[in-house]
Amino acid sequence: MTMIINPTAAEFRAMLREKKTFLADFYATWCGPCKMLSYVLDDIEKEMGERIDIVKIDIDKEPELTEEMDITIIPGLFFIKEGKVASQYAGFLPKERLRARLEKLLGAEPPVEAAPDKHYDLIIVGGGAAGLTAAVYARRAGLKTLVLESFAPGGKLIKTFELENWPGIKNVNGSVLAYDIYEQAMALGTVYLYEKVVALAVEGELKKVLCESGAEFTATAVIVATGTVERLLNIPGEQEMIGRGISFCAVCDAAFYRNKPVIIVGAGNAAFEESLYLAEFASKVTILARRDVISAEQITQDKVARHPKIEVLTWRVPQEVLVENERVARLKVLNKETGAMENMVAKGVFPYIGADPVTDFCKDLGITNAKGYLVVNNDMSTAIAGVYGAGDVCDKVLRQVVTATNDGAIAAQSALHYIRNRGE
């Protein structure tokens with residue numbers, strides 16, 4: 001028994017004809033949740049590899065098989081028993097739940113899970129650095145804790161190639177750090193569900209959380225740690241080309257631009273840090289700053305300045321994404337110094353111009369400011385008793401992983417005090 005990487009469609013079909021029992025993982029190299037699931041599968045192989053094969057299929061290499069299996073969401077897990085699909089699951093699945101399903105697959109029971117509990121002491125909306133840290137502190141305090149995340153554990157961490165400002169570690173891969181924090185939270189007994197929250201309602205001391213799937217959960221306290229979503233350039237051609245040359249994740253998509261020119265728009269840490277990663281693949285990386293002010297840390301600016309494949313141009317304002325053969329081909333840019341329009345060749349465009357908070361589901365509760373960020377006190381509490389914020393979703397001065405974990409710890413401790421002392 002072993003892990004079988006990227007069998008052909010013919011080999012996969014042969015396994016079905018031979019009535020084999022195995023776990024099939026349909027994934028993509030650019031998929032964040034797939035990357036996090038790969039760590040889970042590595043652990044499962046170590047623990048159960050002698051009992052069951054794990055088969056990994058890259059959807060970009062086997063598009064016909066992907067269509068045949070009717071896969072629309074990845075990662076897509078298929079539990080195959082004696083050549084037949086016993087059950088399937090779409091999205092990230094925690095190790096403990098995956099192991100339980102596989103044990104049932106190998107036994108006599110269908111490999112499905114019991115429905116999760118509906119009520120918790122604490123619900124954390126968002127599974128990034130802030131949310132997972134809050135889960136660690138909450139579980140250590142004995143709170144029954146549920147984390148709801150619509151993407152993958154780690155949030156933006158899994159889109160970050162490397163961090164050089166995490167205390168105590170000179171250099172760490174973002175997805176590795178994300179999985180380490182996630183595993184710590186799970187080892188303490190956190191319940192983690194792959195769900196998108198669409199509404200938060202407050203009914204006295206009870207908080208009700210409604211998910212896009214229709215699932216509904218209640219808790220005494222809620223921590224909102226949903227982070228931010230990347231801001232668009234809002235220029236012609238951009239929206240249509242997302243996924244076809246417009247990208248917001250260098251770590252996810254850099255390999256698609258091997259030996260091709262790309263453009264990054266932005267002047268902050270994200271733009272400059274991601275340029276260094278993109279330069280490992282692209283033939284040239286051009287950073288466009290819309291003014292002559294660069295806000296990236298000086299140490300990162302110095303690295304960029306020394307790199308032979310990276311050029312920084314100031315006073316450049318994108319005007320339109322130019323398309324050829326339904327792919328990004330060039331970027332029309334206004335040179336504010338000369339007033340001239342410039343058509344820059346680029347097969348990929350990466351906007352890093354800021355982000356907006358993910359608070360649509362709670363915007364009617366009166367706990368956000370005009371920009372949509374949560375307004376919190378020093379203890380991370382909002383204007384509603386029992387509702388807290390943590391991480392980038394809050395109105396704050398500095399948005400970094402280290403400040404997110406700080407917020408998560410404080411929010412969890414505050415929620416603990418609220419839960420234990422309410423009514424006094």
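Residue indices begin at 1 and follow the sequence shown.
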Can you check whether [Y]'s main-chain N or O pairs, donor with acceptor, with [X]'s side chain at less than 3.5 Å?
| X | Y | answer |
| --- | --- | --- |
| R51 | L102 | no |
| E320 | L322 | no |
| T403 | L398 | yes |
| K95 | V40 | no |
| T228 | D392 | no |
| D60 | A28 | no |
| N377 | M380 | no |
| K104 | V112 | yes |
| R316 | T314 | yes |
| R327 | G348 | no |

- Message: Between Y89 and F79, is the side-chain contact (heavy atoms from CB on, under 4.5 Å) condition met? List the steps.
- Response: CA-CA 8 Å; Y89 184 91; F79 299 82; 4.3 Å; yes

- Check the pair E324 / R330 against salt bridge (charged side-chain N to carboxylate O under 4.0 Å, His left out), numbers first and verdict last. CA-CA 9 Å; E324 292 179 3; R330 294 181 303 281; 2.6 Å; yes

Can you measure from [atom1] ([X]) to [atom2] ([Y]) and round to the nearest 0.5 angstrom?
| X | Y | atom1 | atom2 | result |
| --- | --- | --- | --- | --- |
| F361 | C211 | CZ | SG | 10.5 Å |
| E103 | L98 | CD | CG | 10.5 Å |
| T190 | Q184 | OG1 | CD | 9.5 Å |
| T145 | L122 | OG1 | CG | 5.0 Å |
| I223 | I123 | CD1 | CD1 | 11.0 Å |
| I264 | Y277 | CD1 | OH | 12.5 Å |

- Task: Let me see the working for Y179 and D42 under side chain to side chain donor-acceptor pair (under 3.5 Å), right down to the final yes or no.
- Result: CA-CA 12 Å; Y179 193 69; D42 287 343; over 6 Å; no

- Query: Ion pair present between E274 and K156, side-chain N to carboxylate O less than 4.0 angstrom?
  - Reply: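 Salt bridge absent between E274 and K156.
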
- Output yes when K396 and D407 qualify as a salt bridge under the 4.0 Å nitrogen-oxygen rule, no when they do not.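 Yes, K396 and D407 are salt-bridged.
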
Regarding [X] and [Y], do their side chains bring together a donor and an acceptor under 3.5 Å, going by distance alone?
| X | Y | result |
| --- | --- | --- |
| E238 | N234 | no |
| Y27 | N6 | yes |
| K56 | S38 | no |

- Partner of D356 under salt bridge (charged side-chain N to carboxylate O under 4.0 Å, His left out), chosen from R231, K371, K363: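 The residue from R231, K371, K363 that satisfies salt bridge (charged side-chain N to carboxylate O under 4.0 Å, His left out) with D356 turns out to be R231.
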
- Message: How about NZ on K118, more than 12 heavy atoms from neighbouring residues, nucleotides or ligands closer than 6.0 Å, or not?
- Response: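 Enclosed.
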
